Enquirer: 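Dumping the structure here so I can ask a few things about it.
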Amino acid sequence: MSRSRVSQMNFRIRKAVTADVPRLRELIEASVRGLQAEDYSPAQIEGALKRVYGVDSQLIADGTYLVAEAESPLDSPVIAGCGGWSKRKTLYGGDQYAGREDSLLDPARDAAKIRAFFVDPVCVRRGVGSAILAACEDAARVAGFTRLEMGATLSGVAFYKAKGYATVEDQTVPLANGETLRIARMAKTIAGRGGM
């Protein structure tokens with residue numbers, strides 16, 4: 001997507017579908033390589049792309065993974081960003097991540113998970129991530145959750161802090177290439193269904 005098209009970008013939020021997976025894989029790789037290079041080494045990025053980052057098909061099947069689709073008068077719509085929320089225990093990681101735990105959460109006692117946010121590097125600071133996050137928070141609220149948590153990359157911490165999340169724990173994820181990936185477990189309380 002060119003910068004000139006981004007300045008004119010309008011987008012809509014929709015649920016991701018299985019047919020989006022090839023484009024989501026491309027977007028995730030471009031986002032990680034383009035936006036995380038200041039916080040992680042090339043070896044960490046490569047290791048994370050192989051072991052941690054990726055599409056989570058369970059989120060798509062659950063209908064809780066969203067895409068921001070940029071509209072274009074000349075071309076077919078382009079996915080500018082993606083992200084989701086989950087009613088399952090897995091905190092982070094795509095299909096290839098070994099630390100998955102897909103059992104269901106109880107909204108009365110558990111925090112919904114904010115998951116797998118990636119934005120096309122040419123679309124940053126255009127409201128894409130904010131719009132997806134707001135849609136995820138609203139959907140989790142409607143599902144009965146009053147708390148949210150995530151495993152945020154170092155590159156995303158400032159964004160999530162600005163949205164009311166607080167770091168509750170620093171974590172280190174081992175990668176298959178011998179590297180480790182530092183992430184922040186962050187949390188936020190939201191109003192229940194009746195309040196805002």
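All figures in this text were calculated on a predicted structure; none of them were measured in a lab.
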Enquirer: Would you say that Val67 contacts Ile13 through its side chain, given a criterion of any heavy-atom pair below 4.5 Å between the two side chains?
Expert: no
Enquirer: For Gly83 and Ile132, which heavy atoms make the closest approach, and how far apart are they?
Expert: O-CG2, 3.7 Å
Enquirer: Can you give me the closest heavy-atom contact between Asp170 and Ala184, atom names plus distance?
Expert: OD1-CB, 4.3 Å
Enquirer: Quick one: are Glu38 and Ser155 in side-chain contact, heavy atoms under 4.5 Å?
Expert: no
Enquirer: Between Tyr165 and Tyr160, how do the two ring planes meet: parallel, tilted or perpendicular, split at 30° and 60°?
Expert: perpendicular
Enquirer: Can you check whether Arg109 reaches Arg147 side chain to side chain, under 4.5 Å on heavy atoms?
Expert: no
Enquirer: For Arg182, is there any backbone N or O sitting under 3.5 Å from a side-chain donor or acceptor partner on Tyr40?
Expert: yes
Enquirer: Identify which one of Lys188, Arg115, Lys113 satisfies the salt bridge (Lys or Arg N to Asp or Glu O under 4.0 Å) criterion when paired with Glu149.
Expert: Lys113
Enquirer: Output yes when a side-chain donor or acceptor of Thr146 lies under 3.5 Å from a complementary backbone atom of Ala191, and no otherwise.
Expert: no
Enquirer: Heavy atoms only: give me the nearest Val157-Ala152 pair and the separation to one decimal.
Expert: CG2-CB, 4.4 Å
Enquirer: Under the 3.5 angstrom rule, does the side chain of Thr64 hit a backbone N or O of Trp85 as a donor-acceptor pair?
Expert: yes
Enquirer: Would you compute the distance between atom OG1 of Thr180 and atom CG of Leu175 and round it to the nearest 0.5 angstrom?
Expert: 6.5 Å
Enquirer: Could you tell me the separation between the OH atom of Tyr92 and the OG atom of Ser86, rounded to the nearest 0.5 Å?
Expert: 14.5 Å
Enquirer: Donor-acceptor pair, Arg185 side chain versus Gln171 backbone, under 3.5 Å?
Expert: no
Enquirer: Any chance you could measure Lys89, atom NZ, to Asp110, atom CG, to the nearest 0.5 Å?
Expert: 6.5 Å
Enquirer: With a 4.5 Å heavy-atom cut-off, do Ile79 and Arg14 have their side chains touching?
Expert: yes
Enquirer: Check Ser41 against Glu179 and note the closest heavy-atom contact, atom names and distance.
Expert: OG-OE1, 4.3 Å
Enquirer: Show, in sequence, the C-alpha distance, side-chain angles and deciding distance for Val173 and Val52, and conclude whether the side-chain contact (heavy atoms from CB on, under 4.5 Å) test is met.
Expert: CA-CA 9 Å; Val173 180; Val52 181; 3.9 Å; yes
Enquirer: Would you call Thr167 and Lys161 a side-chain contact if the rule is heavy atoms closer than 4.5 Å?
Expert: yes
Enquirer: Does any non-hydrogen side-chain atom of Arg51 lie less than 4.5 Å from one of Tyr97?
Expert: yes
Enquirer: Between Phe159 and Ser130, is there a side-chain heavy-atom distance shorter than 4.5 Å?
Expert: yes
Enquirer: Can you find a heavy atom in the side chain of Ile114 that is under 4.5 Å from one in the side chain of Cys136?
Expert: yes
Enquirer: Look only at the side chain of Asn177 and the backbone of Ala43, and say whether a donor-acceptor pair between them is shorter than 3.5 Å.
Expert: yes
Enquirer: Distance check, rounded to the nearest 0.5 Å: Ile60 atom CD1 versus Leu24 atom CG?
Expert: 5.5 Å
Enquirer: When rounded to the nearest 0.5 angstrom, what distance separates CZ in Arg126 from CZ in Phe11?
Expert: 10.5 Å
Enquirer: Is a side-chain N or O of Gln96 found less than 3.5 angstrom from the main chain of Val55, in a donor-acceptor match?
Expert: no
Enquirer: Do you know which two heavy atoms are closest between Arg141 and Asp138, and how far apart they sit?
Expert: NH1-OD1, 2.9 Å
Enquirer: Measure the CZ-CD distance between Arg23 and Glu69 for me, rounded to the nearest 0.5 Å.
Expert: 11.0 Å
Enquirer: How far apart are the closest heavy atoms of Glu137 and Ile190, and which atoms are they?
Expert: O-CD1, 3.9 Å
